[in-house]
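Just below is one structure, and these are the notes that go with it.
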Amino acid sequence: MSSTPSTVLERFLQYVQIDTQSDPNSTTQPSTEKQKDLSRLLTTELFEMGVLDAHLDEYGYVYATLPANTNKLNVPVICFCSHVDTSPDCSGKGVKPIVHTRWDGSDIVLPDDATQVLRQSEHPDLQAQIGNDIVTASGTTLLGADNKAGVAEIMDAVYFLINNPDIKHGTIKILFTPDEEIGRGTAKVDLEKLGAAFGYTIDGESLGTLEDETFSADAVKITIYGVSTHPGFAKGKLENALKIAADVLAALPKDTLSPETTEEMEGFIHPTNIEGILEKVTLGFIIRDFSEAGLHEKENYLKALLDKILVNYPNSRANFEVVEQYRNMKEVLDQHPQVSEYALEAIQRSGLTPMRRSIRGGTDGSRLSFMGLPCPNIFAGEHAFHSKLEWVSLQDMQKAVEVIVNLCRIWEEKA
C-alpha cells in the first residue's frame with residue numbers, strides 16, 4: 001500500500017453517529033427516511049472524490065462508478081456492497097463512539113453503563129487485538145460497525161484507488177443498500193443499472209475471513225382456528241387456540257433443532273412471534289438449514305407435530321404456510337469459483353491467513369447471488385453485532401481496505 005493516509009477511522013466515527021435504524025414494521029422503501037441521511041452524505045463524499053455519477057435513488061440505494069484505468073478491455077466489472085442501516089434490536093440513536101487506543105487487554109467498561117463490559121473471556125477474537133485501537137460505543141447503544149465498518153472501508157478504498165492511479169483496475173461499482181437488517185436489502189436494487197458481473201459484500205466478522213456459504217431460509221406461518229364459546233357453558237365445546245399454540249411450542253425439542261442448541265452446520269426451527277386471542281392465534285417461525293432438503297425436512301417435522309396436536313382438538317383447524325426467504329449462495333458461487341478464489345488471494349496478499357467460513361445467517365449477497373450477481377462476503381472486522389458491546393478495531397478495518405484494493409488489482413491482472 002502507498003503512503004496515502006487512511007481515512008477509514010475518520011469516516012467510520014462520523015458515519016456511526018448518524019442514526020440509520022431500519023424498521024421491520026414499516027411498509028415504506030426504505031423503511032425509515034433517516035437511512036437516507038447517511039446515504040446522502042456518502043453520495044456527496046463520492047462526488048467530491050471525483051466519482052461524478054454517484055447518486056441516491058428514491059428507494060435509498062447509492063450507486064456509483066469508479067471508471068477503469070487499465071488498457072485491458074476484458075476486465076469484468078466488479079461491485080463492492082455494504083448496507084447503511086443498523087439493527088432494530090438495539091438503539092442506534094445518539095451513538096457516542098470511543099477509540100480505546102493501543103488497548104492493553106484489560107476489561108473495557110463502557111462509561112455510560114458500567115454493567116456493559118467487554119471482556120476477552122467472553123469475546124475470544126479480542127485476544128488478537130492487544131496493542132490495536134478498539135472502537136466501541138458508550139454503553140447505551142449499539143456501535144453500528146454492522147455495517148458502517150464496511151461502508152467506511154469501501155469509501156476509503158475508493159479514496160485510495162483514486163489517489164493511486166498506478167494501481168490498475170477495471171470498472172468498479174459501488175452499492176450501498178438500505179434495510180438489510182430487516183431482510184429487504186435487495187428489494188428494489190436495480191442490477192441492470194448497477195451493471196456488475198460479480199460482487200462482494202463487505203459485511204463479515206473476523207480478520208481474514210471469506211464467507212461463501214449461507215443458510216437457506218424459509219418462514220413458516222401457522223394460523224390456528226379454535227372454537228370459541230362462553231366459558232360458563234364451555235364444557236365439551238371450547239377449544240382454545242391459545243392453548244393449542246402453547247401445546248405446539250411446548251412440543252418442540254428441548255435439546256436440539258433450536259438456535260440455542262445448534263452450531264456450525266446444524267439448522268433449526270425457531271419460533272419468533274405469537275399473536276392472537278382464544279379463537280385465532282398466529283405463530284411465526286423461521287426455518288434454517290444449509291440445504292434445501294434440510295429445510296423441507298424441518299418444515300415437514302413441524303407440520304407433523306402440528307397435525308398430531310390437532311388430533312386432540314377435533315373441531316379446530318390450522319393453516320400451515322411456508323414462505324421462501326433466501327437460499328444458500330454457495331449454489332451460485334460454485335458455478336463461478338474465481339470469485340471466491342480471487343478474494344482468498346487478495347486476503348493472502350494483504351499478509352493474512354485466509355479463512356473460508358459458512359454464515360449461520362444470510363446477507364444481501366445471498367439474494368444478490370440468486371438475482372444474477374455472484375456475491376460472497378468479506379470480513380469488515382465487526383464483532384458482537386446488534387448489541388451494546390459491538391466493537392471493531394482500526395487495524396482490522398485498514399486490512400479490509402487493503403483486501404478491497406488487492407481484489408481490484410487481481411481482477412485486472414487475471415483478465
Self-check item: Heavy-atom pair of closest approach, residues A149 and M397
Solution: CB-SD, 4.0 Å
Practice problem: Output yes when E264 and R357 qualify as a salt bridge under the 4.0 Å nitrogen-oxygen rule, no when they do not. | Solution: no
Quiz item: Hey, are E412 and R409 close enough for a salt bridge, meaning a charged N less than 4.0 Å from a carboxylate O?
Solution: no
Quiz prompt | R40 and D37 ion-paired at < 4.0 Å | solution = yes
Quiz prompt | Centroid separation F268 to F215 less than 6.0 Å | solution = yes
Quiz prompt | Validation row, ring centre Y61 to ring centre F176 under 6.0 Å | solution = no
Quiz prompt | Pair D203-S82, side-chain donor/acceptor within less than 3.5 Å | solution = no
Quiz item: Can the positive tip of R327 be found less than 6.0 Å from the middle of the six-membered ring of F370, inside 45° of the ring normal?
Solution: no
Quiz item: Which pair of non-hydrogen atoms, one from E181 and one from P88, has the smallest distance, and what is that distance?
Solution: CB-CD, 4.2 Å
Practice problem: Output, in order, the C-alpha distance, side-chain angles, deciding distance and verdict of side chain to side chain donor-acceptor pair (under 3.5 Å) for T136 and H100. | Solution: CA-CA 8 Å; T136 68; H100 307 268; 2.8 Å; yes
Quiz item: Do we see a donor-acceptor contact under 3.5 Å between the side chains of D179 and Q35?
Solution: yes
Quiz prompt | Donor on one side chain, acceptor on other, T261 and S258, under 3.5 Å | solution = yes
Quiz item: Salt bridge between D107 and R119, side-chain N to carboxylate O under 4.0 Å?
Solution: yes
Quiz item: If you take all heavy atoms of S350 and N406, which pair is closest and at what distance?
Solution: OG-ND2, 2.9 Å
Exercise. Answer yes if the ring centres of H336 and F198 are under 6.0 angstrom apart, and no otherwise.
Key: yes
Quiz item: Between D146 and H83, is any side-chain donor less than 3.5 angstrom from a side-chain acceptor?
Solution: yes
Self-check item: Lys NZ or Arg CZ of R11 over Y159 ring: under 6.0 Å, within 45°
Solution: yes
Practice problem: Give a yes or no on whether a salt bridge exists between R356 and D212, defined as a side-chain N under 4.0 angstrom from a carboxylate O. | Solution: yes
Self-check item: Ion pair E297/K303, N-O distance below 4.0 Å
Solution: no
Practice problem: Check whether the side chains of N164 and T4 place a donor and an acceptor atom closer than 3.5 Å, and report yes or no. | Solution: yes
Exercise. Scan side-chain atoms only and decide if Q129 and D396 contain a donor-acceptor pair under the 3.5 Å cut-off.
Key: yes
Self-check item: K243 bridged to D247 by N-O distance under 4.0 Å
Solution: no
Quiz item: Using a distance-only test with no angle check, is there a side-chain donor-acceptor pair under 3.5 angstrom linking S22 and D85?
Solution: yes
